[in-house]
Amino acid sequence: MALLTKGVRGTRDVLPGETHELRHIEHTALEIAEAFGFSEIRTPVFEHTELFERSVGDTTDVVQKEMYTFFDKSGRSITLRPEGTAGAARACLEHGLLNEALPCKVSYIVKNYRYEKPQAGRYREHSQFGVECFGAAVPAADAELIALAAELFANLSLTDYRVEINSIGCPECRKGYLEALRAYFGAKRDELCETCQGRLERNPMRILDCKSPICAEIAANAPSVLDYICGDCAAHFDAVKGFLDALDLPYTVNPRIVRGLDYYTRTVFEFISEVPALQGMALGAGGRYDGLIEELGGQHTPSLGFAMGLERLWLQLQSLKAPLPEPSRCELFIAALNDAALVKAAQLAAAVRSDGWHTQYDVAGRSLKAQMKYADKLNARCTLVLGDDELKNQRAKLKDMATGEETLVTLTDFPDEFEQLMLRRMQTELAELYGDNTGGILAGE
RNA sequence: GUGGAUAUAGCUCAGUUGGUUAGAGUGCCAGGUUGUGGCCCUGGAGGUCGUCGGUUCGAACCCGAUUAUCCACCCCA
């Protein structure tokens, strides 16, 4: 069958059998954030293009070649957001949230759009969980963000990652560092790869990040930012490390971390996967951006935040075989043999559902055998069969699909009876799980 | 943007040196005596062989282009 069209390159459909896993990740993330005092904010998928040009930086790759930018029907230049921070900052600023008690702490789950070449864990539309903390200058704030991420990872049973931190200083101390880098790399200009030769003037810090073996070798002996940051920045960084130590949060200092977005200052950090198959993949990243709010027209407001790619977190969890929830299970399937029985099935289902039980009945008009097969495929816990006899006698058999055991129930009291049966069943299951005969249950699972 | 691999049923894949109506497993649907799932048996639906063009009497197979997917680089989440 020739389809008219397919999903757009770089996009991904999350199908019914798997959405519950993603939902679990999202819920966990927002809940952990809430426990740290971050409240959810929702901002539009598109913004005025200049917001990103100004905040992300118009020399960055993201702005230069990856944004989905278009003109709307009134000729405004609009851009689908490539990252979450700018929109959150704009919204908080615009609505005066930064004039209230600070810090202003927000969390969000958003879709981002970047025109990149799709790859494992990299999409043109990707989901991201992030938090932003506006108006927090002290090093404790930096450490708290990393603590939040660690708490989230722990809650998801996500392991096999490392935290790398660095300080890229403030704009003042960075001037001296950039000069030093230009001097160092300039002397070996001819050995550098082509892209890096171009970076020399524009942004020499990027050379540190180059994966080409030659550049990497040269970069290995390049001056470290940490030797050039000013006293204040150095003190801040030391304090951040002190907090991390005090909180038992392991990290390694990597003086070569360079963020691809211009707004970062001082502390930057990355969460990097150590799962063999995903080695080196960034699960998340963040840092401090003390100048961003001013850049957007607000008061000087030291701020910081981080974001994590949900698809990547999910990949990591799957690679680790970390526990993920099961999809909602059908507790009761009602098979109906004729139209009158179907009406009764609909009524009973409504009653049982109002007690919260996942209930379905046949809506495909199939034979009893087919309905039973379908119930089996749904992995339904119980089935109830309704036909003429049952309607006449007001009694029917409730079948346990796992054991085949049948219980006679009365249709008039059915919802109550069903609930009693299910509750009793849950009790015995719990008792067996936590009782002293656990062995038998586990063997039976 | 650069480099490499791949593209045949919903899914996983066969398809011999180009040769008539393109196959298997699985999944889906229906039956195996009238109202009970899982196992087994039988039957059925489903593919213009990614797309377009070329070579040839003849192309799933050879050639070219294009698109998509996967991987690496770049960049990032």
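Quick note on labels: first sequence line is chain A, next is B, and so on, each numbered from 1.
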Base versus backbone protein contacts along nucleotides 31-39 of chain B [heavy-atom cut-off under 4.0 Å; B, S, -] = -B--BBBB-

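- Counting non-hydrogen atoms under 4.0 angstrom, A:Tyr123 reaches a base of the nucleic acid.
- Contact annotation for A:Gly10: backbone-only contact, meaning every heavy-atom pair under 4.0 Å involves sugar-phosphate atoms and none involves a base.
- Residues satisfying the side-chain hydrogen bond (donor to acceptor under 3.5 Å, both in side chains) test with A:Gln371, not counting sequence neighbours, are none.
- Atom-to-atom, CZ of A:Arg9 to C1' of B:U66 comes out at 13 Å; the value is rounded to the nearest Å.
- The same atom, P, is picked in B:G19 and in B:A60; the two are 9 Å apart, to the nearest Å.
- For RNA chain B, the residues of residues 105-122 of chain A within the heavy-atom distance limit of 4.0 Å (strictly under) are A:Arg114, A:Glu116, A:Lys117, A:Gln119, A:Ala120, A:Gly121, A:Arg122, sorted by number.
- The stretch residues 320-349 of chain A participates, sequence neighbours left out, in these ring-ring contact (aromatic ring centres under 6.0 Å, His included) pairs: A:Phe333-A:Tyr374.
- In this structure, A:Gly7 and A:Lys65 both approach RNA chain B, and ranking their closest nucleotides by distance from the 5' end singles out A:Gly7.
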How would RNA chain B look in dot-bracket form, 5' to 3', counting Watson-Crick and G-U wobble pairs with both distances under 3.5 Å and writing | for bases paired to another strand?
-> (((((((..((((.....[...)))).(((((.......))))).....(((((..]....))))))))))))....

Contacts table for residues 375-388 of chain A: side-chain donor-acceptor under 3.5 angstrom, sequence neighbours left out:
{"from": "A:Arg381", "atom 1": "NE", "to": "A:Glu331", "atom 2": "OE1", "distance (Å)": "2.6"}
{"from": "A:Asp388", "atom 1": "OD1", "to": "A:Asn338", "atom 2": "ND2", "distance (Å)": "2.9"}

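- Atom-to-atom, NZ of A:Lys6 to C1' of B:G50 comes out at 6 Å; the value is rounded to the nearest Å.
- For the pair A:Arg124 and A:Tyr115, the cation-pi test (distance below 6.0 Å, angle within 45°) is passed.
- If you check residues 269-289 of chain A against RNA chain B, the residues with a heavy atom closer than 4.0 Å are A:Ala282, A:Leu283, A:Gly284, A:Ala285, listed by number.
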Result block: side-chain N/O donor-acceptor pairs under 3.5 angstrom for residues 402-409 of chain A, not counting sequence neighbours:
{"from": "A:Thr403", "atom 1": "OG1", "to": "A:Asp400", "atom 2": "OD1", "distance (Å)": "3.4"}
{"from": "A:Thr403", "atom 1": "OG1", "to": "A:Glu405", "atom 2": "N", "distance (Å)": "3.1"}

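- For A:Tyr251 and A:Phe269, the gap between ring centers reaches or exceeds 6.0 Å.
- The ring pair (Phe, Tyr, Trp, His ring centres under 6.0 Å) test applied to A:Tyr361 returns no partner, not counting sequence neighbours.
- Donor-acceptor pairing under 3.5 Å is lacking for the side chains of A:Thr28 and A:Asn155.
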Donor-acceptor pairs under 3.5 angstrom involving side-chain atoms of residues 164-171 of chain A: please list them, not counting sequence neighbours.
{"from": "A:Glu164", "atom 1": "OE1", "to": "A:Asn254", "atom 2": "ND2", "distance (Å)": "2.8"}
{"from": "A:Glu164", "atom 1": "OE2", "to": "A:Arg162", "atom 2": "NE", "distance (Å)": "2.8"}
{"from": "A:Glu164", "atom 1": "OE2", "to": "A:Arg162", "atom 2": "NH2", "distance (Å)": "3.3"}
{"from": "A:Asn166", "atom 1": "ND2", "to": "A:Pro255", "atom 2": "O", "distance (Å)": "3.2"}
{"from": "A:Asn166", "atom 1": "ND2", "to": "A:Ile257", "atom 2": "O", "distance (Å)": "3.3"}
{"from": "A:Ser167", "atom 1": "OG", "to": "A:Gly169", "atom 2": "N", "distance (Å)": "3.3"}

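- Taking the P atom of each, B:U66 and B:C28 are spaced 41 Å apart, rounded to whole Å.
- What you find for A:Val45 and A:Tyr113 is that their closest heavy atoms are CG1-CE1, 3.8 Å.
- A:Tyr161 and A:Glu274 are not linked by any side-chain donor-acceptor pair at a separation below 3.5 angstrom, with hydrogens and angles left out of the test.
- Atom CD of A:Glu311 and atom C1' of B:C76 are 13 Å apart (whole Å).
- For the P atoms, the distance from B:G15 to B:A9 is 15 Å, rounded to whole Å.
- For the C1' atom pair drawn from B:G38 and B:U12, the interatomic distance equals 23 Å after rounding to whole Å.
- Here, B:G37 and B:A14 have their P atoms 37 Å apart, quoted to the whole Å.
- Under the side-chain hydrogen bond (donor to acceptor under 3.5 Å, both in side chains) criterion, A:Arg81 pairs with A:Thr43, sequence neighbours left out.
- The separation of B:U56 from B:A24, taken at their P atoms, amounts to 35 Å, rounded to a whole angstrom.
- Taking atom C1' in both B:G4 and B:U8, one finds a spacing of 23 Å when rounded to whole Å.
- Residues A:Leu145 and A:Phe38 form a side-chain contact, since some pair of their non-hydrogen atoms from C-beta on lies under 4.5 Å apart.
- Distance check on atom C1': B:A7 versus B:G50 gives 6 Å, rounded to whole Å.
- Rounding to whole angstrom units, CZ of residue A:Phe52 and C1' of B:C76 are separated by 16 Å.
- Distance A:Arg12 CZ to B:C70 C1': 14 Å, rounded to the nearest Å.
- Enclosure of atom CZ in A:Phe46 is not indicated, since only 12 or fewer non-hydrogen atoms of other residues, nucleotides or ligands lie within 6.0 angstrom.
- Residues meeting the side-chain hydrogen bond (donor to acceptor under 3.5 Å, both in side chains) test with A:Glu40, sequence neighbours left out: A:Arg42.
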